[in-house]
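Just so you know, these numbers use all the heavy atoms, side chains as well, and skip hydrogens, waters and symmetry mates.
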Amino acid sequence: MGKKRVMVPAKELDLSTVKYEKETIQAPHLTGSILKLFVRIIEIPIIGSLIISFMKKENNMVEMLQNTEIPEKPMFKPEFPPQEAEPSVVIVDEEGKPTDRVESALKCLPHYDPASCWSGDTLPSFRYWKIRDFAYAYRSKLVTPSKIAEQVITLVEGCKYHKAPTPLLISFDAEDIRKQAAASTQRFKEGNPLSIFDGIFMAIKDDIDCYPHPTKGASTWMHEVRSVEKDAVSVSRLRSCGVILIGKANMHEFGMGTTGNNPNYGTTRNPYAHERYTGGSSSGPAAIVASGLCSAALGTDGGGSIRIPSSLCGVVGLKTTYGRTNMGGSLCGSGTVEIAGPIASTVEDVILVYAAILGSSPEDRISLKPSPPCLPILSSLENVNILGSLQLGKYTEWFNDVHSTDISDVCEDVLNLLSKSHGCKTIEIVIPELHEMRIAHLVSIGSESIRSLNPDIEDGKGVKLNYDTRTCMALFRTFTASDYVAAQCLRRRIMHHHLEIFKKVDVIVTPTTGMTAPKIPPSALENGESNMQVSGYLMRFILAANLLGLPAITVPVGHDKQGLPIGLQLIGRPWGEATILRLASAIEELCAESRRKPASFHDILKTK
C-alpha cells in the first residue's frame, strides 16, 4: 500500500519551499523488432497490465493520481477569469467575414515594399518570401498562381521517388491544385482577387478536414470509418480568402508522438538535416513551410504538435488560446487541450492566417466567454513603448534544463537583446509542480484519445495502428475515472499557480524544446520508435499551454553548433495572442540575420 500524500491548497503554497526537480523518465527506448515484441507482450491480458502498472509506479504516477489528496475541485476544461484589454490593438469581428479580418490584419503590419525585395539589393543572406511578396508578384503579373502550382506539384511528387519515401503530403491531387490555381489566376486577370491570400499555397494537417481529401490522421484506416463531406471550419475560412489548398500533410499517427515518425506513409525529414526528425505531430506542415513549398500550413496542437516541429524546423508556430479557433471538422475537435493554429515562415504571415481562422464555436462562446479577438498594431508609434513596458517571466532552473547548453545560451542571448534594444525586463519566477502538470496533461490527453478511438479499436482496427501508437493506447487504457478526475483537480491547481505568475509578468519565456532535432534511428523507419526520453526533452516546456489552454508561440532565434534550429517560446495570458505576437515580431526582427537556408529549400517564387 502506498503512503498517503496530502497537498496543501494551492493558495497556501509557500513558493520559497519549491525546489526544481529535473525530469527523469523511466521507460525503455525501443525500435524495430524489439518494439514489436514489447507491444505484443503489453497487449497480453494481465501480463501487460502488470508491466504498465510497474512503469507507472516507477514514474510516480500511481503516487500522484491514487495516493494523493488534492484539495482543489476539478476543472474539466480551461476556465479563465476576465482579462484586461491589451494595449494598441485592433479588435476584429469573429462572426464577420474572414476576408474583412485579414484586411484589418494587413493594416496592423509594418510598412513593407515588396518591390524593393525583387532587386535583391536589400536582402539578408537568406529570407523566406512573405505572403505579401506573392501577392505583389501576382498583382504585378511577374508570375501567376498557375505557374507556381506546377512547381509545387513537381516538387511534391518528387518526394515519392526517394529511396525511402519521405512524403510531405499523404493526400494530394495535382488536378485539384491546378483547378484552384486556374480560378485564382483568372481572378487576378480580371482584377478581382478575393484577399491578400488569393493564390497563396497552404497545406492542411491530416487530422483536419479538407474536402475532397480523406482525413486519415495519418493512419491506414480512419477514412474507412469516417467520411469527409465538407471542409473543417478553419479550412473553409481560408478557402473563402482564396487560399490554394495543396492537400493533407503528413503527421505522427493520430498525433500520438513528438517526432513525426510514421511507418504508414514514410517519415517526413527535417529540411535542415535529412537524417533528423522534423518533430511532431505536425511534421508535414512544418517541413512544407520550412522547405519553402508553402507560405503557411494549418496544424493542431494538443501537446506541442505545432510548436515542437516549428521549432525543430526553424519556422514560426502559434498555439492559440483554447477555444479561440473553432475545431469543427477535426479529429481532435472534442478534447480539452487541443487547438488548430498556423505554422508559417514569418510572424506576420502567422498573424494573417490567425486573423483568417479565428472565431470560437457557439458552444465555446457560451462556456468560455472569450475576450474579443484582437491583433497587435505593429505599425503604431506606440509599439516601441509597449514593448519596453513588457515584463518577461523566466524560471532559470527550468529554462536551463536542456540537452545542450547551446539552446539555453542562444535563448538567453535573445532576452539580453530584448532588454538592450527595447527595455524589456526579465523577472525571475518560480513555477511549482511541473511534474504534476506533466501527469495531469498525460492523463487528460490520453483519456480523451482513448475515448475517441476506442469504438474503432474494439471493432478490430487496433491491430492496424502503428506500434508506438499501440504502446500509448496500452498506457491510456489503464487510466481510471478516478485518475481523470485527479488530473482535473491538478489542472485547477496549476491554473492558479500560472494566473498568480501573470499578475507579475506579461509573458513567460522558455526555450521551445529541450533539444534540437533528434537523429532518426534507421531501425525506426519500418516499425516506428518509442523513446520517452526524447519526448521528455521535446515536451519539457510545452505542456502549460495545452493543459491550461494558454496562448503560446515559437519563434526561430538561432542554431546550435550542428546548425540545427532553436526556437524561443512565449506563453501569454488567456486570450493574450496580441501580446505574444507583438513580442514575437520584435524577436524575429532582432534575430533576422541569424536565419540560415535549410539544406532542402525550394524558391518557388524565383522567376529567373
Side-chain angles (χ1 to χ4, degrees), residues 83-90 108-110 307 310-311 316-319 321 346-348 350-351 354 374-400 402 405-431 498-513 541-542 544-545 550-558 565-595:
Q83 300 295 306
E84 289 184 19
E86 297 171 279
S88 189
V89 297
V90 61
C108 292
L109 300 179
R307 289 161 290 151
S310 295
S311 179
V316 184
L318 174 66
K319 187 259 164 207
T321 305
T346 64
V347 174
E348 80 162 54
V350 159
I351 291 172
Y354 170 60
C374 53
L375 305 170
I377 305 175
L378 302 179
S379 56
S380 164
L381 295 174
E382 299 173 51
N383 195 50
V384 173
N385 294 333
I386 294 166
L387 285 169
S389 70
L390 291 179
Q391 310 260 39
L392 313 181
K394 176 192 173 198
Y395 187 11
T396 298
E397 287 184 277
W398 189 37
F399 191 99
N400 292 337
V402 290
T405 54
D406 289 357
I407 297 172
S408 50
D409 288 348
V410 167
C411 291
E412 182 72 39
D413 288 345
V414 176
L415 299 186
N416 292 334
L417 268 176
L418 280 171
S419 174
K420 184 178 177 182
S421 302
H422 297 291
C424 302
K425 291 178 183 171
T426 301
I427 296 172
E428 184 66 25
I429 59 172
V430 173
I431 306 177
H498 281 74
L499 292 177
E500 287 298 301
I501 289 168
F502 281 120
K503 290 177 182 177
K504 302 167 193 165
V505 304
D506 300 293
V507 175
I508 297 171
V509 291
T510 73
T512 305
T513 59
F541 307 104
I542 288 297
L550 302 171
I553 191 168
T554 178
V555 193
V557 291
I566 293 169
L568 182 73
Q569 178 180 227
L570 312 174
I571 305 172
R573 292 188 178 99
W575 315 115
E577 283 86 357
T579 296
I580 61 171
L581 288 166
R582 186 189 308 280
L583 185 56
S585 179
I587 291 169
E588 179 181 61
E589 189 176 346
L590 290 172
C591 299
E593 295 299 321
S594 71
R595 291 195 93 166

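Taking the side chain as every heavy atom from C-beta outward, Val347 and Glu589 never approach each other to under 4.5 Å. For the pair Leu418 and Thr426, the minimum side-chain heavy-atom distance is 4.5 Å or more.
Residue Val316 is tested with Ser585, Ser310, Pro556 for a side chain to side chain contact (heavy atoms under 4.5 Å, CB included); the sole match is Pro556.
Between the side chain of Thr554 and the backbone N or O of Gln569, no donor-acceptor pair lies under 3.5 Å. Lys319 places a side-chain N or O within donor-acceptor distance of the main-chain N or O of Ala545, the cut-off being under 3.5 Å. Looking only at distances, a side-chain donor or acceptor of Ser408 sits under 3.5 Å from a matching main-chain atom of Thr405. The backbone N or O of Gly567 sits less than 3.5 Å from a side-chain atom of Ser311, completing a donor-acceptor pair. Between the side chain of Arg307 and the main chain of Ile542, a donor-acceptor pair closer than 3.5 Å is present. Judged purely by atom type and a 3.5 angstrom limit, Glu428 uses its side chain to pair as donor or acceptor with the backbone of Thr396. No donor-acceptor distance shorter than 3.5 angstrom exists from the side chain of Gln391 to the backbone of Lys504, with no hydrogens or angles considered. Put simply, the side chain of Glu382 never gets that close to the backbone of Ser88: no donor and acceptor are under 3.5 Å apart. A side-chain donor-acceptor contact under 3.5 Å links Arg573 to the backbone of Val505.
Of all the heavy atoms in Ile587 and Leu568, the pair that sits closest is CD1-CD2, 3.7 Å. When all heavy atoms of Glu86 and Trp575 are compared, the pair lying nearest together is OE1-O, 3.5 Å. Closest heavy-atom contact between Ile571 and Phe541: CD1-O, 4.3 Å. Nearest heavy atom pair, residue His498 against residue Ile431, reads CE1-CG2, 3.7 Å. Here the closest heavy-atom approach between residue Ile580 and residue Val507 is recorded as CG2-CG2, 4.2 Å.
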